[in-house]
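Worksheet for the structure shown next.
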Amino acid sequence: MKKVILLVSVIMTISCGQQKKIIYPETAKVDTVDVYFGTEVADPYRWLEDDRSDETAAWVEAQNKVTNEYLSQIPFRSQLANRMSDLYNYEKISAPFKRHGKYYFYKNDGLQNQAVLYVQDTKDSEPRVFLDPNKLSNDGTVALSGISFSNDGKYVAYTISRSGSDWREIYVIDAATGQTLGDHIQWAKFSGASWQGNGFYYSAYDPPKEGSIYSGVNENHKIYYHTIGQPQSTDKLVYENKQYPKRFYSASVSKDERAMFISESGSSLGNRLFMKDLTKPNASFIEIASDDEYNYYPVEVIGNKIYFYTNNNAPKGKIAIADFGKPAFNNWKDLIPEGEYVLDGNDVIGGKLFLTYNQDASNHAFVYDLNGKLQHEVKLPALGSVGFSGDKDDKECFFTFTSFTFPGSIYSYDVDKNTYELYRAPEVKFTPEDFVTEQIFFASKDGTKVPMFLTYKKGLKKDGNNPVFLYGYGGFNISLYPGFRTFRLPFLENGGIYVQVNLRGGGEYGEEWHIAGTKMNKQNVFDDFIAAAEYLIDNQYTSPKKIAIVGGSNGGLLVGACMTQRPELYGAAIPQVGVMDMLRYHKFTIGWNWASDYGTSEDSKEMFEYLYGYSPLHNLKPNTTYPPTLVTTADHDDRVVPAHSFKFAARLQECSDGTNPTLIRIDTKAGHGAGKPIAKIIEEQADIYGFIMYSLGMKPGF
């Protein structure tokens with residue numbers, strides 16, 4: 001490999017404070033060429049895939065230096081960070097959940113890096129700390145990612161993540177004393193703990209090779225059983241499938257410990273489902289559902305019945321039921337058939353079925369009896385999102401409700417009376433009545449009607465001059481719902497419009513909507529996003545130089561594709577932890593799992609050409625005016641490895657004509673996003689919004 005040349009970054013300024021010139025680090029090139037179905041594709045920045053090399057570390061340091069120097073020139077950067085910190089500094093509390101007669105909930109006092117788990121003996125008694133993840137590290141980079149109570153109430157298994165990685169470690173607490181035991185599980189991934197008897201099941205990989213912990217391909221997921229008090233080395237291998245090393249295997253046990261379910265996924269759009277009757281000592285696993293084009297999940301085991309969710313022959317989802325002794329899919333009977341709207345959530349609480357439906361990207365909740373008869377709708381406070389918390393045998397129920405201007409509030413719900421009252425509500429330093437949200441349906445390129453939400457300050461003038469934060473995702477059957485984020489408020493307070501688009505590829509209208517944005521249909525997602533921007537321009541909400549496009553992960557791909565296809569349409573672009581190299585994404589960690597949505601460059605000549613045609617890395621063109629761009633990633637991102645962003649940023653700097661800044665912000669001791677400490681989140685959000693507001697010509701009054 002050629003030696004990396006790193007130039008000292010220089011930012012020259014003129015008296016008005018505007019950036020005049022940026023000198024970027026010069027990035028070395030290598031003579032790497034891949035051949036796909038006879039087509040040669042150069043990959044000159046391949047060396048940046050080695051994110052643990054000294055050369056890459058030097059490149060990262062130099063790029064961050066340039067970015068930090070640029071951001072430091074933004075005149076309102078510190079005031080914006082202070083305003084964000086002030087807004088975020090309020091008490092945030094989760095809905096309580098009851099376990100073995102006690103109430104548990106998460107609370108962040110305001111600016112704690114991680115939320116703390118509390119316990120109280122009654123709903124109204126004084127809470128005490130049960131587990132404080134802030135004490136697990138000095139800088140808040142160890143996050144609590146899950147807890148699981150043993151069915152006898154003796155133990156609690158808790159799962160942690162370090163520096164935002166997908167790797168998990170599992171520890172065990174004595175529930176009575178609060179003492180952490182000696183049990184310690186390593187190299188778990190996409191797994192919690194599912195209890196049976198004096199131990200639990202978990203999913204893990206073999207220890208990775210040194211140097212490939214955060215980038216190597218993850219293969220041979222296995223399910224183990226851990227007995228309390230024993231070392232991990234003695235854990236029993238319960239299930240593996242050597243025939244399919246690139247799949248996920250996860251175990252769940254019914255609360256009565258009569259049934260164990262195993263889900264196998266990763267090869268298609270859905271999963272295969274297996275079951276073992278734990279009441280029979282020598283029972284083997286039986287396959288319940290084999291067509292992994294669809295989803296199959298056990299909802300609850302009640303008496304001699306098993307309740308299931310599936311979208312097989314029901315693109316919008318349904319609830320089915322089967323006898324415990326005959327659980328195979330061909331014995332399932334529809335209990336609550338597919339309806340007009342998408343079934344998005346299901347819980348059994350107080351002997352009732354709580355079903356949450358998605359109607360035009362907002363939630364509606366209904367209660368059914370266990371025979372499938374509708375009892376009533378739970379009329380929610382407004383248009384927004386809801387999540388229920390309760391136990392199948394307990395009449396107490398809570399739900400959390402939120403919307404774009406409605407901070408997450410908790411309500412106590414009476415299951416029998418269908419009434420609720422406010423239990424806890426946060427106090428945020430803003431006035432929600434000053435803002436309004438509207439939903440608009442616009443036509444995409446092919447005529448498909450696509451919804452989007454617009455939130456802005458009352459009294460907005462449609463003069464084509466309003467700054468817009470345009471956000472989307474569009475993939476993996478994930479739905480975007482109304483939700484509250486304090487970090488948006490300074491942008492809204494200063495005349496900005498927050499726009500959230502429900503693109504094809506998501507789950508807002510069921511599996512058909514999802515498939516319409518996958519593989520050879522992926523361009524539909526980009527067309528939807530582009531059409532949203534064009535609608536806002538045509539209807540005088542804004543203009544091209546006033547639109548910032550933002551998205552993370554698959555949404556980072558969205559931003560990368562749209563800024564390369566229509567660079568003149570935007571005033572700023574923020575691709576966050578994005579999938580930028582569509583020809584090689586499947587060669588890292590669990591990237592192979594995304595093939596069901598994307599296809600791979602190895603599938604066929606046609607699939608390769610389609611991916612090559614929109615891959616952000618490969619569609620940057622020399623001497624082009626790209627919008628001001630801030631690429632973001634993190635050094636411990638083992639979901640979408642940082643090489644995607646590294647290579648894209650290097651190529652973008654090479655191709656840009658120099659009109660606008662093209663920067664990359666690389667966080668340290670952070671991953672794909674989950675579990676990031678609040679201090680890092682505020683710092684990152686201040687940089688992102690500061691870059692956007694500065695690029696769009698906003699002059700906030702802080």
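Keep in mind that what you see is a predicted model, and the values were worked out from it rather than measured. Heads up: numbering here begins at 1 and tracks the sequence.
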Validation row, ring centre [X] to ring centre [Y] under 6.0 Å:
X: Tyr155; Y: Tyr171; answer: no
X: Phe149; Y: Tyr104; answer: yes
X: Trp592; Y: Phe248; answer: yes

task: Dump the intermediate steps for side chain to side chain donor-acceptor pair (under 3.5 Å) on Tyr481 and Asp344, then the final yes or no.
output: CA-CA 11 Å; Tyr481 294 131; Asp344 194 59; 2.8 Å; yes

Would you please say whether a donor-acceptor pair under 3.5 Å links the side chains of [X] and [Y]?
X: Asp166; Y: Thr589; answer: no
X: Gln196; Y: Tyr201; answer: yes
X: Asp235; Y: Tyr202; answer: yes

Would you say [X] and [Y] make side-chain contact, with heavy atoms under 4.5 Å?
X: Glu508; Y: Pro451; value: no
X: His184; Y: Glu169; value: yes
X: His586; Y: Ser601; value: yes

**Contacts of type salt bridge (Lys or Arg N to Asp or Glu O under 4.0 Å), residue Glu396, not counting sequence neighbours** =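 Per chain and number, Glu396 pairs via salt bridge (Lys or Arg N to Asp or Glu O under 4.0 Å) with Lys98, Lys123.
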
Original post:
Closest approach of Phe398 and Ala95, non-hydrogen atoms and distance?
Top reply: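 Result for this residue pair: CB-CB, 4.2 Å.
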
Looking at [Y] and [X], is there a salt bridge between them, counting it only when a charged N and a carboxylate O are closer than 4.0 Å?
X: Asp446; Y: Arg504; value: yes
X: Lys519; Y: Asp603; value: no
X: Lys587; Y: Glu49; value: no

In a check of ring pair (Phe, Tyr, Trp, His ring centres under 6.0 Å) between Tyr296 and each of Phe308, Phe329, Phe274, which one passes?
->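 Looking at Phe308, Phe329, Phe274, the match for Tyr296 under the ring pair (Phe, Tyr, Trp, His ring centres under 6.0 Å) is Phe329.
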
Check: So among Phe608, Tyr614, Tyr610, which one has a ring pair (Phe, Tyr, Trp, His ring centres under 6.0 Å) with Tyr612?
Finding: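 Of the listed options, the one satisfying the test is Phe608.
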
Approximate separation, where rounding is to 0.5 Å, of Leu273 CG and Phe261 CZ: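 Interatomic distance, Leu273 CG to Phe261 CZ, rounded to 0.5 Å: 7.0 Å.
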
**Study point:** From OG1 (Thr227) to CG (Asn198), nearest 0.5 Å
**Key:**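 Nearest 0.5 Å value for the OG1-CG distance: 6.5 Å.
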
Only counting residues at least two apart or in another chain, list the ones meeting ring pair (Phe, Tyr, Trp, His ring centres under 6.0 Å) with Phe588.
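Result, ring pair (Phe, Tyr, Trp, His ring centres under 6.0 Å) vs Phe588: none returned.
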
Can you list everything that forms a side-chain contact (heavy atoms from CB on, under 4.5 Å) with Lys373? Sequence neighbours excluded, please.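 Residues passing side-chain contact (heavy atoms from CB on, under 4.5 Å) with Lys373: Asp369, Gln375.
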
